[in-house]
Amino acid sequence: MSAPRRGKPPRHFSDLEPAERAAALAELGEKPFRARQLATQWFERLEDDPERMTDLPASSRRRIADALLPTLLTPVRSLTADGGRTVKTLWRLHDGALVESVLMRYKNRDTLCISSQAGCGMNCPFCATGQAGLTRNLSTAEIVEQVLAASRALARGEVAGGPGRVSNVVFMGMGEALANYRSAVAAVRRLTAPAPDGLGISARGVTMSTVGLVPAIDKFAAEGIAATLALSLHAPDDELRDELVPINQRWKVGEALDAARRYFEATGRRVSIEYALIRDVNDQAWRADRLGKLLNARGKGWVHVNPIPLNPTPGSKWTASDPAVERAFVAALEARGIPTTVRDTRGSDIDGACGQLAAVAPEQPRA
């Protein structure tokens, strides 16, 4: 059997801006106001069965659904942890490409970690996704539909913990979102637009993660979206970061931090510095001190550091730091006055934590 053809996914209602939706309905011979009715069903009521969209004409529902609501994500497998409150879902896209999303329920929020690409082209050696390489970019709708699927599951009480709603979305799944800039930013707009134009999630609940694509950071800062920026730094010195985050060979530590500071100035949103702690590689207290100096040199109150205990990936030569070393790293940052919080590694036992998403399909039984 030949490999599936990598192609552009079919147009979906979630791809369209509100103004484009009316035109799309008119193309189908429907009145333009049907677009808002469909948006109310899709984004506000989270309805995915066209036969239950009773404000649309019965004679038009199937035709509208066939034209504008094609199936983009097909669930392949779900794994749970934390008593069912963490759910990792493997999705198959229309062309056979695979992506994963992870829903994490906390006491005061429901967070969804989503993918923006199938695979990733950044090639960070400690990350399972980066080692898999890039298959393709996701469309706006393929990104948004991950959030809608989780929203429906929560609203219908299908996830442990009772009914809920997605309150936070983090672009920390598969892919470098800012390398898929147009689709990722359009998805953020769809997620944060007030219902029924979008899902009505607060922009403050959206985190855009990047390895440091400096021009894209500056472009995102000018979008007028008050989302949080998370810079995956992982080393304060260029020599080591060149190895851990290869894009550093193009934009150095100082350039990435300068762009992050500009993002803070443009949006007023405190930047998060993501730092995977790797035993005997980047976890020395002197590196924490150096990072603190670099951040303080760019001002006070603009940044927060999230050290992340490295999550294991198959075949990796690296592992997490010793807890005592982790504490010393945090202490060195705090001594410089840098707000620091060690990241909760939810889902590591189902390969659903940071750096573990590899989108491997379950093995098929042999004939």
Side-chain angles (χ1 to χ4, degrees), residues 4 6 8-9 72-79 81 86-104 111-150 166 168-188 191 206-213 216 230-232 234 244-247 274 276 308 310-316 343 345-348 350-362:
R6 303 301 182 204
K8 187 175 181 180
L72 297 181
L73 308 177
T74 301
V76 176
R77 175 187 61 204
S78 289
L79 299 175
T86 297
V87 183
K88 182 178 79 163
T89 304
L90 175 67
W91 303 101
R92 179 172 282 111
L93 308 182
H94 80 104
D95 56 358
L98 299 170
V99 298
E100 291 179 314
S101 61
V102 184
L103 176 63
M104 296 161 284
T111 297
L112 184 69
C113 178
I114 60 172
S115 295
S116 56
Q117 297 177 312
C120 182
M122 296 297 106
N123 200 33
C124 299
F126 56 90
C127 174
T129 313
Q131 289 306 289
L134 177 65
T135 299
R136 69 167 173 88
N137 287 329
L138 269 57
S139 68
T140 297
E142 286 173 326
I143 298 171
V144 173
E145 289 305 297
Q146 294 171 63
V147 184
L148 276 166
V166 175
N168 296 72
V169 176
V170 295
F171 283 75
M172 293 182 178
M174 302 177 69
E176 163 61 48
L178 293 185
N180 183 18
Y181 187 90
R182 181 180 298 179
S183 292
V185 172
V188 173
L191 298 179
V206 176
T207 298
M208 181 67 72
S209 179
T210 178
V211 293
L213 307 188
L231 174 61
S232 295
H234 308 310
L244 296 181
V245 187
I247 201 68
E274 310 295 303
I308 308 165
L310 184 74
N311 293 300
T313 57
S316 175
R343 171 75 63 79
T345 55
R346 288 280 291 269
S348 61
I350 54 171
D351 292 337
C354 295
Q356 291 186 314
L357 301 188
V360 178

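Note that the coordinates shown come from a computational prediction; the quantities given were computed from them, not determined experimentally.
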Spacing of CD belonging to Glu100 relative to CG belonging to Leu79, to within rounding of 0.5 Å: 8.0 Å

Rounded distance (nearest 0.5 Å) linking atom OG of Ser139 with atom NE2 of His94: 8.0 Å

Atom pair SG/CG of Cys127 and Leu310 - distance to nearest 0.5 Å: 9.5 Å

Salt bridge Lys8-Asp95, side-chain N to carboxylate O under 4.0 Å: no

Pairwise side-chain contact, Leu231 with Glu274, heavy-atom cut-off 4.5 Å (strictly under): no

4.5 Å side-chain heavy-atom contact, Leu213 and Ile247: yes

Any donor-acceptor N or O pair under 3.5 Å, side chains Trp91, Thr74: no

Sidechain-backbone polar pair: Ser115 side chain, Met174 backbone, donor-acceptor under 3.5 Å: yes

Polar contact flag, side-chain donor to acceptor under 3.5 angstrom, Asn137-Gln117: yes

Flag side-chain contact, heavy atom, 4.5 Å: Cys113 against Met104: yes

Non-hydrogen atoms of Val211 and Cys124 that approach each other most closely: CG1-SG, 4.4 Å

Min side-chain heavy-atom separation Pro9-Arg136 under 4.5 Å: yes

Spacing of Leu138 atom CG and Asn180 atom CG [to the nearest 0.5 Å]: 7.0 Å

Shortest non-hydrogen contact between Ala184 and Phe171, atoms and distance: O-CZ, 4.0 Å

Minimum side-chain heavy-atom gap Val99-Leu93 below 4.5 Å: yes

Side-chain touch Val245/Met122, heavy atoms, less than 4.5 angstrom: no

Heavy-atom closest contact (Gly119 atom, Thr129 atom, distance): C-CG2, 3.9 Å

Minimum-distance pair of heavy atoms, taken over all atoms of Ala177 and Ser116: CA-OG, 3.2 Å

Gap between atom CZ of Arg92 and atom CG of Leu72 - 0.5 Å precision: 15.0 Å

Non-hydrogen side-chain atoms of Ile114 and Val170 separated by less than 4.5 Å: no

Residue pair Glu176 / Thr210, side-chain donor-acceptor N/O under 3.5 Å: yes

Nearest-0.5 Å distance that lies between atom CG in Leu73 and atom CD in Glu142: 6.5 Å

Worked verdict on Ser183 versus Thr140 for side-chain contact (heavy atoms from CB on, under 4.5 Å): CA-CA 4 Å; Ser183 292; Thr140 297; 3.8 Å; yes

Beyond-backbone contact of Thr86 with Val102, side-chain heavy atoms, under 4.5 angstrom: yes

Which atom of Ser78 lies closest to which atom of Thr89, heavy atoms considered: OG-OG1, 3.3 Å

For the student: nearest non-hydrogen atoms of Ser232 and Ser209, plus distance: OG-OG, 3.6 Å

